[in-house]
J.: 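Mind having a look at this structure? Questions to follow.
These figures come from a predicted structure and were not determined experimentally.
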Amino acid sequence: MPAKNVEKQYAVNAIYHAYNRGVEKRKIFLDDQDYRVFLHLLKYYLSPDGKNSPHPIVTTGKLNLIRPRPLKNLNKETQLIAYCLMPNHYHLLLKQNTIDGMTKLLRRVVTTYSLYFNRRYKRVGPLFQGRYKATRIEDQAGLLYLSRYIHLNPLGGIGGMTRSDLVTYPYSSYPYFLRLKMADWLH
């Protein structure tokens with residue numbers, strides 16, 4: 001019997017909580033630039049006009065790529081509902097519009113981010129602890145619970161943070177939920 005949240009049978013128009021952490025529980029975001037590169041990758045893949053944007057590793061990652069590979073826009077295949085990036089893991093609440101939309105998105109974001117991270121920090125090998133995990137959200141109550149869980153995550157993982165700090169935490173979709181920020185790549 002497969003381990004919990006490992007079996008990969010996905011449905012069209014279903015909502016999933018996708019998450020993963022660094023291999024050996026290591027930090028996957030070491031500074032603000034790392035967080036911004038990961039978020040810029042999500043934005044690039046999910047924006048309606050993403051294919052017209054410059055390559056996210058060149059603009060945000062400040063790495064000189066000789067031949068940046070083209071990145072395919074996936075905004076019609078997957079929608080990002082909520083997110084939270086923590087120093088050693090990430091949480092994404094996604095709706096996939098095609099049978100493999102979420103898999104395509106996560107494979108591309110994680111692969112590109114890992115290449116960036118390994119090149120920047122002169123390291124080799126996997127950055128993430130295996131494949132991402134995903135749990136299907138079955139009902140409205142589950143959706144509300146997961147959204148709350150994702151947005152409250154910094155309280156348990158960052159020392160000294162209070163609920164009022166969540167509004168200014170820069171690596172979460174919470175300010176978008178409060179309509180303090182707007183983005184066409186976040187639903």
J.: Treating Thr78 as the side-chain partner and Gly101 as the backbone partner, does any N or O pair qualify as donor plus acceptor under 3.5 Å?
T.: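 Yes, the answer is positive, given that a donor and an acceptor are paired below the 3.5 Å cut-off.
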J.: Which value, rounded to the nearest 0.5 Å, describes the distance between Leu94 atom CG and Tyr83 atom OH?
T.: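 If I round to the nearest 0.5 Å, the distance is 12.5 Å.
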J.: Quick one: closest heavy-atom pair of Leu186 and Leu80, and the distance?
T.: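 Answer, listing the atom of Leu186 first, then Leu80: CD1-O, 3.4 Å.
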J.: Would you say Asn118 and Arg123 are linked by a side-chain donor-acceptor pair, where the criterion is simply a distance under 3.5 Å?
T.: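 A donor-acceptor contact under 3.5 Å links the two side chains.
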J.: Side chains of Arg163 and Leu152: does their closest heavy-atom pair fall under 4.5 Å?
T.: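 The answer is yes, as the side chains (C-beta and beyond) meet within the 4.5 Å cut-off.
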J.: Glu24: what forms a side-chain contact (heavy atoms from CB on, under 4.5 Å) with it, not counting sequence neighbours?
T.: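 Partners of Glu24 by the side-chain contact (heavy atoms from CB on, under 4.5 Å) criterion come out as none, since no residue qualifies.
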J.: Check whether any side-chain heavy atom of Cys84 lies under 4.5 Å from a side-chain heavy atom of Tyr169, and answer yes or no.
T.: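 Yes - at least one pair of side-chain heavy atoms lies under 4.5 Å apart.
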J.: Any side-chain heavy atom of Ile150 within less than 4.5 Å of one from Tyr19?
T.: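 Of all side-chain heavy-atom pairs linking Tyr19 with Ile150, none is under 4.5 Å.
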J.: What is the distance from atom NE2 of His91 to atom OG of Ser173, rounded to the nearest 0.5 Å?
T.: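 The OG atom of Ser173 is 11.5 Å from NE2 of His91, to the nearest 0.5 Å.
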J.: Which distance, rounded to the nearest 0.5 Å, do you find between the OG1 of Thr135 and the CD1 of Ile15?
T.: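 One gets 13.5 Å once the value is rounded to the nearest 0.5 Å.
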J.: I need the minimum non-hydrogen distance between Asn97 and Gln79, along with the two atoms involved.
T.: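 Of all heavy-atom pairs spanning Asn97 and Gln79, the closest is ND2-CG, 3.8 Å.
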J.: Using a 4.5 Å cut-off on heavy atoms from C-beta on, say whether the side chain of Pro87 contacts that of Tyr171.
T.: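 In short, these two side chains do not touch, never coming nearer than 4.5 Å.
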J.: Please indicate whether Tyr145 has more than 12 foreign heavy atoms, meaning atoms of other residues, nucleotides or ligands, lying under 6.0 Å from its OH.
T.: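 Atom OH in Tyr145 is not crowded, with 12 or fewer foreign heavy atoms closer than 6.0 Å.
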J.: Closest approach of Lys27 and Phe117, non-hydrogen atoms and distance?
T.: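 Taking Lys27 first and Phe117 second, the nearest heavy atoms are O-CZ, 4.0 Å.
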J.: Find out if a path of hydrophobic residues (ILVMFWY) with successive side-chain heavy-atom gaps under 4.5 Å connects Leu93 to Leu39.
T.: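 Different hydrophobic clusters.
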J.: Side chains of Tyr44 and Asn73: donor-acceptor distance under 3.5 Å anywhere?
T.: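 No.
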J.: Could you grab the distance from atom NZ of Lys133 to atom CG of Leu106, nearest 0.5 Å is fine?
T.: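 These two atoms lie 12.0 Å from each other.
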J.: Any sub-3.5 Å donor-acceptor pair from Gln96's side-chain atoms to Met102's backbone N or O?
T.: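 Yes: the side chain of Gln96 pairs with the backbone of Met102.
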J.: Distance only, no hydrogens: is a donor on one side chain within 3.5 Å (strictly under) of an acceptor on the other, for Tyr121 and Asp34?
T.: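 On atom types as modelled, these side chains qualify, holding a pair under 3.5 Å.
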J.: For Asp184 and Ser47, which heavy atoms make the closest approach, and how far apart are they?
T.: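 Between these two residues, the closest heavy atoms are OD1-OG, 3.8 Å.
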J.: Under 4.5 Å between side-chain heavy atoms, hopping through other hydrophobics if needed: is there a path connecting Val167 to Met86?
T.: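 Looking at the clustering, Met86 is in the same group as Val167.
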J.: Just jot down the side-chain contact (heavy atoms from CB on, under 4.5 Å) partners of Ala11, sequence neighbours excluded, or say none.
T.: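 If we apply the side-chain contact (heavy atoms from CB on, under 4.5 Å) test to Ala11, skipping adjacent residues, the hits are Ala14, Tyr16, Arg136.
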J.: Establish whether Leu92 and Leu146 are linked, either directly or via other cluster members, by ILVMFWY side-chain heavy-atom contacts under 4.5 Å.
T.: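 Looking at the clustering, Leu146 is in a separate group from Leu92.
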J.: Measure across Leu74 and Leu46 and return the closest heavy-atom pair with its distance rounded to 0.1 Å.
T.: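 Result for this residue pair: O-CD2, 4.2 Å.
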J.: Using only atom types and a distance under 3.5 Å, with no angle test, would you say the side chain of Asp139 pairs donor to acceptor with the backbone of Gly142?
T.: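 Indeed, once roles are kept as given, a pair shorter than 3.5 Å links the two residues.
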J.: Evaluate the ring planes of Trp185 and Tyr176, with Trp represented by its six-membered ring, and classify them as parallel (under 30°), tilted (30 to 60°) or perpendicular (over 60°).
T.: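 Because their plane-to-plane angle is over 60°, the rings of Trp185 and Tyr176 count as perpendicular.
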J.: Measuring from Ile28:CD1 to Tyr90:OH, what's the distance to the nearest 0.5 Å?
T.: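 Interatomic distance, Ile28 CD1 to Tyr90 OH, rounded to 0.5 Å: 7.5 Å.
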J.: Side chains of Tyr45 and Glu77: is there a donor and an acceptor less than 3.5 Å apart?
T.: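 No.
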J.: To the nearest 0.5 Å, what is the distance between OH on Tyr174 and CG on Asn153?
T.: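 Atom-to-atom, Tyr174:OH and Asn153:CG are 14.0 Å apart.
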J.: Any non-hydrogen side-chain atom of Val110 less than 4.5 Å from a side-chain atom of Tyr113?
T.: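 Contact flag for Val110/Tyr113 side chains = no.
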J.: Below 4.5 Å, heavy atoms only, C-beta onward: do Phe29 and His89 meet side chain to side chain?
T.: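 Phe29 does not reach His89 side chain to side chain.
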J.: Hydrophobic clusters here meaning ILVMFWY residues chained together by side-chain heavy-atom distances under 4.5 Å, can you tell me if Ile137 and Tyr132 are in one?
T.: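 No, separate clusters.
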J.: For the residue pair Asp165 / Thr162, report whether a side-chain donor-acceptor contact shorter than 3.5 Å exists.
T.: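 The criterion, which ignores hydrogens and geometry beyond distance, is satisfied for Asp165 and Thr162.
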J.: Could you tell me whether the side chain of Asn88 and the main chain of Gly22 form a donor-acceptor pair under 3.5 Å?
T.: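 No; judged by distance alone, with no hydrogens or angles, the pair does not exist.
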J.: Please step through side-chain contact (heavy atoms from CB on, under 4.5 Å) for the pair Arg148 and Leu144, ending with a clear verdict.
T.: CA-CA 6 Å; Arg148 182 177 186 273; Leu144 292 173; over 6 Å; no
J.: Of all the heavy-atom pairs spanning Thr98 and Val12, show the shortest one and how long it is.
T.: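 Thr98 and Val12 have their closest heavy atoms at C-CG2, 4.0 Å.
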J.: How about Arg120 and Gln33: do any of their side-chain heavy atoms sit closer than 4.5 Å?
T.: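 Arg120 reaches Gln33 side chain to side chain.
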J.: Flag the pair Leu166 / Leu155 as yes when at least one side-chain heavy-atom distance between them is below 4.5 Å, and no otherwise.
T.: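 The answer is yes, as the side chains (C-beta and beyond) meet within the 4.5 Å cut-off.
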J.: Can you tell me if His151 uses its side chain to pair, donor with acceptor, with the backbone of Ser147 under 3.5 Å?
T.: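 Yes, the answer is positive, given that a donor and an acceptor are paired below the 3.5 Å cut-off.
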J.: In terms of hydrophobic clustering (I, L, V, M, F, W, Y; side-chain heavy atoms under 4.5 Å; direct or indirect links), are Leu178 and Leu143 co-clustered?
T.: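 No, no single cluster joins them.
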